[in-house]
A.B. asks: 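After the structure tokens below, expect a handful of questions from me.
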2 protein chains.
Amino acid sequence: MTEGAIDHGSPVPVYRQIAARIIADIERGTLAVNRKIPSESDMVQEYGVARETARNAVRFLRDEGYVFTVPHRGTYVTDRTVEGPSGSGG
Amino acid sequence: MTEGAIDHGSPVPVYRQIAARIIADIERGTLAVNRKIPSESDMVQEYGVARETARNAVRFLRDEGYVFTVPHRGTYVTDRTVEGPSGSGG
DNA sequence: CATCATTTGTTCGTATGTATC
DNA sequence: CGATACATACGAACAAATGAT
């Protein structure tokens, strides 16, 4: 199947659908730590969405701690094996 | 007169207004086949727009078949007297 | 080959206007 | 009205390739 298309009729926002794909790639290891995820433009072309939507997906991933963005460079996969919101404890 | 200014208040997007001028120059012969059209920087200074807007104009012209771009060289006027998507008919 | 100027390519940041749900 | 989404537009920075010298 591969079901590679975005479902605009779904109750799940498009940006969340895109974010879910990226997360899946991260969990799966397809997108390794410190590797660059697709650029906003890539997502625009890949999914046929507006840049605004691609940005929302990236912002969501950032808020969730999956990635971090370097201005004018790109967005990369966060190393969650060491980093944490409250230090090394836990 | 020369009315050389871009109308930001027009419902016609700025990039379309710029593209229209280039097209007019091509139709008129001011910009001959295989001649280089103004660079993105030229348009930025000439029309006082952002590079993004200049690029949108070029992309539009490319999509319409009026020009073709050579990376790091420039964008040139297409020879439409011979080239065509469905042959020489037309 | 090295340097400089030109030009397009890439990428993220920000804002406005419009439309839909 | 708020969230989502698309189109347009300006701003900023860095990358890569080309061409002249």
Side-chain angles (χ1 to χ4, degrees), chain A residues 4-23 25-26 31-78, chain B residues 4-23 25-26 31-78:
Chain A
I6 290 297
D7 183 3
H8 284 264
S10 167
V12 179
V14 175
Y15 80 91
R16 292 280 266 107
Q17 291 180 49
I18 294 176
R21 285 154 182 270
I22 305 292
I23 290 174
D25 284 342
I26 291 175
L31 280 176
V33 168
N34 288 320
R35 283 293 295 167
K36 195 162 81 62
I37 71 172
S39 70
E40 294 172 357
S41 291
D42 285 341
M43 294 183 201
V44 167
Q45 290 182 54
E46 184 77 0
Y47 303 112
V49 298
R51 192 186 158 202
E52 170 86 341
T53 302
R55 279 181 67 73
N56 277 336
V58 174
R59 186 172 53 148
F60 177 77
L61 291 168
R62 211 158 38 217
D63 288 347
E64 293 292 307
Y66 286 102
V67 304
F68 61 96
T69 298
V70 180
H72 313 121
R73 289 286 292 168
T75 296
Y76 306 79
V77 177
T78 303
Chain B
I6 290 297
D7 183 2
H8 285 263
S10 167
V12 178
V14 176
Y15 80 92
R16 293 282 266 105
Q17 291 180 51
I18 294 175
R21 284 154 183 271
I22 305 293
I23 290 174
D25 285 343
I26 291 175
L31 279 177
V33 169
N34 288 319
R35 284 292 297 167
K36 194 163 82 64
I37 71 172
S39 71
E40 293 170 0
S41 292
D42 286 339
M43 294 184 202
V44 167
Q45 290 181 53
E46 184 77 359
Y47 303 113
V49 298
R51 192 183 158 201
E52 168 88 342
T53 302
R55 281 178 70 75
N56 275 338
V58 173
R59 186 173 53 147
F60 177 77
L61 291 169
R62 208 158 40 218
D63 288 348
E64 293 293 306
Y66 286 102
V67 304
F68 61 97
T69 297
V70 180
H72 312 116
R73 283 279 291 159
T75 295
Y76 307 80
V77 178
T78 302

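Computed from a predicted model, the values in this text were never measured in an experiment.
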A.B. asks: Below 4.0 Å from chain A heavy atoms, what is the first contacting nucleotide of DNA chain C and what is the last?
C.D. replies: dT11(C) to dT14(C)

A.B. asks: Output the rounded distance in Å from CD1 (I6(B)) to C1' (dC10(D)).
C.D. replies: 15 Å

A.B. asks: Just by distance, no angles: are the side chains of S39(A) and D42(A) close enough, under 3.5 Å, to form a donor-acceptor pair?
C.D. replies: yes

A.B. asks: Under a 4.5 Å cut-off applied to non-hydrogen side-chain atoms, are L31(B) and Y76(B) in contact?
C.D. replies: no

A.B. asks: Between dA5(D), dC10(D), dA13(D), which nucleotide gets closest to the side-chain atoms of H72(A)?
C.D. replies: dA13(D)

A.B. asks: Starting at the 5' end of DNA chain D, which residue's closest nucleotide do you reach first, P71(B) or R59(B)?
C.D. replies: R59(B)

A.B. asks: Nearest-Å distance, OH (Y15(A)) to P (dC6(D))?
C.D. replies: 13 Å

A.B. asks: Between Q17(B) and V14(A), just flag the one whose closest nucleotide in DNA chain D comes earlier from the 5' side.
C.D. replies: V14(A)

A.B. asks: Between P on dA5(D) and CZ on F60(A), what's the gap in Å once rounded to a whole number?
C.D. replies: 12 Å

A.B. asks: Check whether any side-chain heavy atom of V67(A) sits under 4.5 Å from a side-chain heavy atom of I26(A), and report yes or no.
C.D. replies: yes

A.B. asks: Given dC6(D), dA13(D), dA9(D), which nucleotide is nearest the side-chain atoms of H8(A)?
C.D. replies: dC6(D)

A.B. asks: Rounding to a whole Å, what distance do you find between E40(B):CD and dC10(D):P?
C.D. replies: 14 Å

A.B. asks: What is the distance, rounded to the nearest whole Å, between atom CD1 of I18(B) and atom C1' of dT8(D)?
C.D. replies: 12 Å

A.B. asks: Rounded to the nearest 0.5 Å, what separates atom CE in M43(A) from atom CD1 in I6(A)?
C.D. replies: 10.5 Å

A.B. asks: When you match T69(A) and I37(B) each to their closest nucleotide on DNA chain C, which lands nearer the 5' end?
C.D. replies: I37(B)

A.B. asks: In whole Å, I'd like the distance from the CZ atom of R73(A) to the C1' atom of dA15(D).
C.D. replies: 9 Å

A.B. asks: Atom CE of M43(A) to atom P of dC6(D): distance rounded to whole Å?
C.D. replies: 14 Å

A.B. asks: Contact class for V49(B) vs. all strands (heavy atom < 4.0 Å): base, sugar-phosphate, or nothing?
C.D. replies: sugar-phosphate

A.B. asks: Show your working on side chain to side chain contact (heavy atoms under 4.5 Å, CB included) between Q17(A) and T53(A) and close with a plain yes or no.
C.D. replies: CA-CA 10 Å; Q17(A) 291 180 49; T53(A) 302; over 6 Å; no

A.B. asks: Which residues satisfy the salt bridge (Lys or Arg N to Asp or Glu O under 4.0 Å) test with R55(B), sequence neighbours excluded?
C.D. replies: E40(B)

A.B. asks: Less than 4.5 Å apart, side chain to side chain, heavy atoms only: is that true for K36(B) and V70(B)?
C.D. replies: no

A.B. asks: dC6(D) phosphate, OP1 or OP2: any side-chain N/O from T53(A) under 4.0 angstrom?
C.D. replies: yes

A.B. asks: Please determine, for the side chain of E52(B), which listed nucleotide (dA15(D), dC10(D), dA13(D)) has the closest atom?
C.D. replies: dC10(D)

